[in-house]
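One-based numbering, in listed order, for ligands and for the atoms of each. These numbers were taken from a predicted model, which means no experiment stands behind them.
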Amino acid sequence: MTGIDLSSPVAVVGTGTMGQGIAQVALVAGHPVRLYDAVPGRAREAADAIGARLDRLVVKDRLTGADRDAARARLTSAETLADLADCTLVVEAVLERLDAKQGLFRELEDIVGEDCLLATNTSSLSVTAIGGALRNPGRLVGLHFFNPAPLLPLIEVVSGFATDVTSATRAYETARAWGKTPVACADTPGFIVNRIARPFYAEAFAVYEAQGADPATIDAILRESGGFKMGAFELTDLIGQDVNESVTHSVWRAFFQDARFTPSLAQQRLVEAGRLGRKTGQGWYDYADDADRSEPHTAEPAQPPAYVVAEGDLGPAAELLALIREAGIQVRDDDEDHGTRLVLPGGGQLALADGQTSVEFRDVVYFDLALDYRWATRIALSASQDTTSQTLSEAIGLFQALGKDVSVIGDVPGMIVARTVARIVDLAHDAVAKGVATEEDIDTAMRLGVNYPLGPFEWSRRLGRNWAYALLDDLHLRDPSGRYAPSLALYRHAYATDKREGSTS
Ligand SMILES: NC(=O)c1ccc[n+]([C@@H]2O[C@H](COP(=O)([O-])OP(=O)(O)OC[C@H]3O[C@@H](n4cnc5c(N)ncnc54)[C@H](O)[C@@H]3O)[C@@H](O)[C@H]2O)c1
């Protein structure tokens, strides 16, 4: 029992995309719901739109006709804010402007009862700043839904500086009673999801800006090797480049222009050009009916090597050795532990992306991190001008013999999946250390909010404790802008492990 009274009236103010979704959630949970919008007539239109969506649920057998009728009867539109006086919860989903939200809550404070919980669905403003305008900011909480609210289970329950624990608990329990999965988080820029997801977009754009690969190839690698549902380019085309860029800018500004959140120049150009994604017919990709479909770069078939020599431990790529043997390629163990590489018959080396560049070594090909090497259908390789064609060809043939498509990208340190995952892991550790949320809630938020195949901490455990730190440390050395500087939290994590394992070097 949550103690939430599902028969108490709930108000939703602002009845656009999010307001309608939130109202539907509260309505289906059993509440009488009252809609209010500043534009006359819009709340009534929203009630009709919600009614139509309930009809569709009945057609799909997800709601009975009787439940639909009862829900419709509980849904009303209000002419004035004063009509919300008896509501026990008001969820605000008006436009994303601090003055608009502050003004609204100030008015509401004079209308609703003392025990009415006030909630904002802001995605980028500070809950503390919104509450700063209230006589009693303790009753204001962030209830950050994801779009579409009726379908996506995650809600970030955000406590502002002055939010009472009882208000946050009530909001959390309400989300649960509505069948959602709430996670608790502190009021920091981007909350959990919009903070920790930034590198997913930023690193893909950075590889593109560095001429490392084209969008279709990067997207294919993120999907087929990284296990992400969509690549960063196709996903931002879906979200809208303007929307995604504005979140990035707001998080970057809110962190006082911290280099780790630096926006992308290439994305800014796209927005300036009006190429906002699917909604304008063109973004990173062209959506015109007659446009050519962009295909990822895929290497031509190459001869696999007869054998490889395994030097040391391949760390997160250790599973590769079993796959190579299963493909009928001999794996010779080198007793001398020189490092973590495979040596190819021609003498060239194959190494897991580690934050260094291929040009630093005589004849090396890097391969990218995969979520699971058995499952992955594509592997990225990077080579430099110093890599011999024999080494590259043997590396391509080796992965093709394992049944993988191979994409050869430029000499980009940390490649694509490896640098993206390392940075997500780093931001997650940093967020826990700064009291933003628990490890468990961060994992839940990233799996449910942005569909990641693993939560950052699950990924971190799989990769080995100091893998992400070592990679970022190497990247930071090569790009000392601060963008890749590993956090103190990640350093502590790696160092503590080394000590436990008896090696502090
Ligand atoms: N769209 C998303 O994906 C998404 C996701 C999470 C959170 N949010 C947040 O939800 C809020 C609403 O976003 P949206 O996409 O639904 O916007 P929207 O533009 O679709 O709807 C906003 C509605 O608020 C109304 N409105 C504006 N000022 C008002 C006021 N003072 N009082 C009453 N009504 C007012 C408008 O008439 C409009 O109907 C924003 O804070 C946004 O950041 C949006």
Side-chain angles (χ1 to χ4, degrees), residues 11-26 34-50 53 77-84 87 90-112 118-127 129-131 133 140-158 160 175 180 182-183 185 187 189-195 197 235-236 238-251 254 276-279 445 448-451:
V12 176
V13 179
T15 60
T17 311
M18 293 308 292
Q20 288 181 25
I22 295 165
Q24 184 181 328
V25 170
R34 221 158 295 161
L35 302 171
Y36 174 79
D37 198 282
V39 177
R42 199 166 276 181
R44 207 176 297 263
E45 284 165 24
D48 290 342
I50 294 167
R53 275 201 289 273
S77 49
E79 297 299 324
T80 66
L81 275 182
D83 295 336
L84 311 181
C87 288
V90 180
V91 186
E92 164 277 311
V94 306
L95 81 172
E96 187 75 342
R97 275 210 358 228
L98 181 61
D99 56 347
K101 292 188 193 274
Q102 283 182 329
L104 171 70
F105 282 118
R106 226 182 279 121
E107 267 190 78
L108 280 169
E109 220 179 11
D110 291 333
I111 292 169
V112 297
L118 301 177
T120 171
N121 183 47
T122 182
S123 40
S124 62
L125 299 172
S126 147
V127 174
I130 298 170
L140 179 77
V141 69
L143 264 186
H144 185 221
F145 286 77
F146 290 73
N147 187 21
L151 291 183
L152 294 186
L154 186 68
I155 300 181
E156 293 176 327
V157 179
V158 186
K180 295 293 183 185
V183 290
C185 75
D187 182 22
F191 309 138
I192 299 174
V193 172
N194 278 338
R195 169 185 183 138
L235 180 56
T236 52
L238 185 67
I239 294 169
Q241 298 303 335
D242 52 340
V243 174
N244 181 262
E245 198 218 18
S246 122
V247 175
T248 300
H249 267 265
S250 101
V251 170
L276 305 183
R278 284 177 180 269
K279 62 187 173 187
L448 299 183
V450 269
N451 244 321

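Residue D37 holds the heavy atom nearest to atom 23 (C) of ligand 1 of all those in L108, D37, V247, V243. Residue N121 holds the heavy atom nearest to atom 9 (C) of ligand 1 of all those in I130, N121, L143.
For the residue pair V193 and G449, the shortest heavy atom distance occurs at CG2-CA, 4.4 Å. Contact detail for A149 and V25: the closest heavy-atom pair is O-CG2, 3.7 Å. Closest heavy-atom contact between L125 and D187: O-OD1, 4.5 Å.
Not a single heavy atom of R97 sits under 4.0 Å from any atom of ligand 1. Heavy-atom distances between H144 and ligand 1 reach below 4.0 Å in at least one pair.
For R44, the CZ atom counts as loosely surrounded, since its 6.0 Å shell holds 12 or fewer non-hydrogen atoms of other residues, nucleotides or ligands.
Put simply, the side chain of Q102 gets close to the backbone of A129: a donor and an acceptor are under 3.5 Å apart.
If you check which protein heavy atom lies closest to atom 41 (O) of ligand 1, you get E96 OE1, 2.5 Å. In this structure, atom 34 (N) of ligand 1 lies nearest to the protein heavy atom A38 N, 3.1 Å.
Distances between N or O atoms of T122 and those of ligand 1 include no value under 3.5 Å. Considering backbone and side-chain N/O of S123, one or more are found under 3.5 Å from N/O of ligand 1. Taking only nitrogen or oxygen atoms, main chain and side chain alike, V13 does not reach within less than 3.5 Å of ligand 1. An N or O contact shorter than 3.5 Å links R42 to ligand 1 by distance. At under 3.5 Å, not a single nitrogen or oxygen of F146, backbone or side chain, sits near a nitrogen or oxygen of ligand 1.
Atoms of ligand 1 lying under 4.0 Å from any heavy atom of V39, numbered from 1 in the order shown and given with element: 37 (O). Proximity to K101 (heavy-atom distance under 4.0 Å) selects the following atoms of ligand 1: 40 (C), 41 (O).
The one candidate from V127, T122, I192 that meets the side chain to side chain contact (heavy atoms under 4.5 Å, CB included) condition with V158 is V127. Among I239, V243, D242, T236, the single residue meeting the side chain to side chain contact (heavy atoms under 4.5 Å, CB included) criterion with L276 is D242.
For atom 32 (N) of ligand 1, the nearest protein heavy atom lies closer than 4.0 Å.
No side-chain donor from either of T15 and Q20 sits under 3.5 Å from a side-chain acceptor of the other.
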